[in-house]
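To start, the structure under review is shown below, and the notes come after it.
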There are 2 protein chains.
Amino acid sequence: MFPVKEADLHATEFYPGTQAVARAIALLKAFSDAQPEWTLNDLARATGLNKTTAFRLLSALEAEHLVMRNPLSGAYRLGVELIALGGVAMRSNPLRTVSRPTLVTLAEQSGEAATLEVLMDAHVLVLDEVAGDNPMGMTQDVGSRLPVHATATGKVLLAFSSEEQTEKLLAAPLQPLTERTVTEPEQLRRELARIRQEGFAVTQGELEPGFVAVAAPVIDRERQAAAAISVGGPSLRLTAERLPQIAAMVQMAARQISRQLGYWPG
Amino acid sequence: MFPVKEADLHATEFYPGTQAVARAIALLKAFSDAQPEWTLNDLARATGLNKTTAFRLLSALEAEHLVMRNPLSGAYRLGVELIALGGVAMRSNPLRTVSRPTLVTLAEQSGEAATLEVLMDAHVLVLDEVAGDNPMGMTQDVGSRLPVHATATGKVLLAFSSEEQTEKLLAAPLQPLTERTVTEPEQLRRELARIRQEGFAVTQGELEPGFVAVAAPVIDRERQAAAAISVGGPSLRLTAERLPQIAAMVQMAARQISRQLGYWPG
DNA sequence: TATTATAATTTCACATTATGAAATAACATC
DNA sequence: GATGTTATTTCATAATGTGAAATTATAATA
């Protein structure tokens, strides 16, 4: 399709005639919750761009409000236009639109927060969240990225994705987030096998202490795990004896969404 | 600062060496709640780009997941990466961080939904929303754009911005959203004068029937209206007799945030 | 207050990269 | 099977994006 050099495939993909745009996007992607503010020099260094080039691209992004600057320090942050674009992206996301009613029902049934998440590299992205009876964190998490190996949704998505992708993720070291986070690749492999068998995944204090979640996969028309939904809450409420019941609810909701996406089992 | 041609200033600003990036952003900005899906031809026509150019830029955006395609029709939509970037932009927004505690208190005090909004062209962008006692719409609105002339926040921001900007907005026809929407420039000018006097704005069914909101301006260190906060709810609860009390709360909260931004009156 | 170091802008010559007309391929629709 | 419509690909051309170097602004130190 495009004359892409072999070597480039593993680095950043590169399509002819799109260097500047690809670089501008790389700049945007450098911003994260962990590092939301960058100085020009640092950002240029981090992205491997020439300082002048980074400056020029950032100026273009700033003019369109995709980035803004700290008026005192001159440091760069993501701008309000991205909040607006993110809102449009979210509200027009077909997966989210289809899933929402089921997610609302699931949150009511379980009384806990229900979420919809998709795979993005080594993270899951929270596409939607519906609070349960006991509103705790609110929808603070929509648009957040969470590590695959420490979330129920991540493990489910991994379990039902290609072996190639699984191994790619297991190749990188698994960061511990709590003392219960699974960081042994072999242990995770065993767990993924069990998830494939049983059709759902559980995390108990692996992402943050005292937080329990149960997830099941959403399968699309092409028989791919397009997303995962979960129910999560404090371990005090989501006790061991309640888990089977919750798991059944989540699985049923996931199947319902899958069916709406055109998936037909068998 | 840059050799920008006079004529270009009123069209799309154009900085040398950033054409491709500016064009890619123009493509992204074409997507909206009203038209979230575009066919290549239509999008190229709407943005005034050559079809090939639009295709190439969109391919770059697609490779980075800023846009995605409808697998059946091939039509373009905004992609999940924008949801992630929007999330980072939102959570790292200084205005939002500073305002949140006050907004939470305001929602508790009033029992109604409280919002934080900023001006973006002819719209206000919802940066944050905290539900009141009676949760209705949930935080569906964060990242949404609403017309300036039909919102309390919009009117407040207009009232406290430059005359130049006000006149620019009044020059364009004001779309009616309900039968109560103010569409007469002269009427709006009088209202803005009253808002400057009293320090707060009200909308009663001008955005949607039965919805009432009260807003006050947040002033920053440079004595500019950087944002507006509001309290809103159904007209059945936000009755005429409650409004003065609500307005006082909103104004006090706005002053508190302004002070935290470094604004010192007098 | 001078001196030095560091980071942010601007300039500019150069060629790599983006451009768009035209051709081709892939779909729908009749 | 023909016809119109939309999506890709090709490719010659030069306009656009590039980055080294110079300049300016800002902070840190003596």
Side-chain angles (χ1 to χ4, degrees), chain A residues 1-5 7-8 11-28 30-31 35 37-64 66-77 79 221, chain B residues 1-5 7-8 11-28 30-31 35 37-64 66-77 79 221:
Chain A
M1 155 164 154
F2 277 106
V4 179
K5 284 187 198 150
D8 292 337
T12 314
E13 298 101 289
F14 183 77
Y15 297 76
T18 59
Q19 192 191 57
V21 173
R23 285 173 163 185
I25 296 172
L27 286 170
L28 293 178
F31 295 84
Q35 178 143 10
E37 191 167 300
W38 285 92
T39 180
L40 174 62
N41 271 339
D42 289 349
L43 190 49
R45 211 167 299 141
T47 52
L49 293 174
N50 178 287
K51 195 172 51 149
T52 310
T53 302
F55 177 73
R56 186 166 9 84
L57 294 173
L58 285 166
S59 296
L61 295 171
E62 189 188 0
E64 302 293 343
L66 296 220
V67 303
M68 61 188 284
R69 308 186 67 169
N70 183 325
L72 300 171
S73 67
Y76 292 90
R77 281 178 180 276
R221 181 189 302 274
Chain B
M1 155 159 155
F2 277 106
V4 179
K5 285 189 196 148
D8 292 337
T12 314
E13 298 100 291
F14 182 76
Y15 296 77
T18 59
Q19 190 191 58
V21 173
R23 285 173 164 187
I25 296 171
L27 286 171
L28 293 178
F31 295 84
Q35 178 144 10
E37 190 168 300
W38 284 92
T39 181
L40 174 62
N41 270 338
D42 289 350
L43 190 48
R45 211 166 299 141
T47 51
L49 293 174
N50 179 286
K51 195 173 49 151
T52 309
T53 302
F55 177 72
R56 182 165 13 84
L57 294 173
L58 285 165
S59 296
L61 294 171
E62 188 188 0
E64 303 293 342
L66 297 219
V67 302
M68 61 187 285
R69 307 185 67 168
N70 184 326
L72 300 171
S73 67
Y76 291 90
R77 279 178 181 277
R221 179 188 305 271

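In what follows, chains are A, B, ... by sequence order, proteins preceding strands, each numbered from 1. On a predicted model such as this, the values are computed, not experimentally measured, just so you know.
- Note on the helix from C:dT1-D:dA30 to C:dA15-D:dT16: terminal axis deviation equals 10°, with five pairs used at each end and the result rounded to 10°.
- Residues A:Arg221 and B:Pro71 form no side-chain contact, since every pair of their non-hydrogen atoms from C-beta on lies 4.5 Å or further apart.
- As a whole-Å value, the separation of B:Asn41 CG from D:dT5 C1' is 8 Å.
- Regarding B:Arg23, its CZ atom lies at a distance of 11 Å from the C1' atom of D:dA15, rounded to whole Å.
- The side-chain heavy atoms of A:Arg45 and A:Asn41, taken from C-beta on, include a pair separated by under 4.5 Å.
- Both A:Val21 and A:Tyr76 lie close to DNA chain C; mapped to their nearest nucleotides by heavy-atom distance, the more 5′-ward contact belongs to A:Tyr76.
- With values rounded to the nearest 0.5 angstrom, B:Leu58 atom CG is found 11.5 Å from B:Trp38 atom CH2.
- Both A:Thr53 and B:Trp38 lie close to DNA chain D; mapped to their nearest nucleotides by heavy-atom distance, the more 5′-ward contact belongs to B:Trp38.
- What separates CG of B:Leu43 from P of D:dT6 is a distance of 14 Å, to the nearest Å.
- Contact annotation for B:Arg69: backbone-only contact, meaning every heavy-atom pair under 4.0 Å involves sugar-phosphate atoms and none involves a base.
- Rounded to an integer number of Å, the gap from B:Phe55 CZ to D:dT8 P is 5 Å.
- In this structure, the CZ atom of A:Arg56 is 12 Å from the P atom of D:dA20, given to the nearest Å.
- Taking the side chain as every heavy atom from C-beta outward, A:Leu43 and A:Leu49 never approach each other to under 4.5 Å.
- Remark: C1' of D:dA20 and CG of A:Asn50 are 8 Å apart, rounded to the nearest angstrom.
- Looking at which nucleotide of DNA chain D each of A:Leu72 and B:Arg45 is closest to, the 5′-most match is held by B:Arg45.
- Spacing between atom CG of A:Leu58 and atom P of C:dT10 amounts to 14 Å, rounded to whole angstrom units.
- A distance of 10.5 Å separates CZ in B:Arg69 from CD in B:Glu37, rounded to the nearest 0.5 Å.
- If you check D:dT8, D:dT9, C:dT9 against the side chain of A:Leu40, the one that comes closest is C:dT9.
- Remark: A:Gln35 CD to A:Asp42 CG distance equals 7.0 Å, nearest 0.5 Å.
- Along DNA chain C, the nucleotide nearest B:Leu49 and the nucleotide nearest A:Gly74 are compared for position; the residue whose nucleotide lies closer to the 5' end is A:Gly74.
- In the interface, the side chain of A:Lys51 is not paired with the base of C:dA7 through any donor and acceptor atom under 3.5 Å apart.
- The phosphate of D:dA20 has neither OP1 nor OP2 within less than 4.0 Å of any side-chain N or O from A:Thr52.
- If you take CD of A:Gln19 and C1' of C:dT17, they are 7 Å apart, rounded to a whole angstrom.
- Expressed to the nearest 0.5 Å, how far CG of B:Leu66 lies from CG of B:Leu27 amounts to 11.0 Å.
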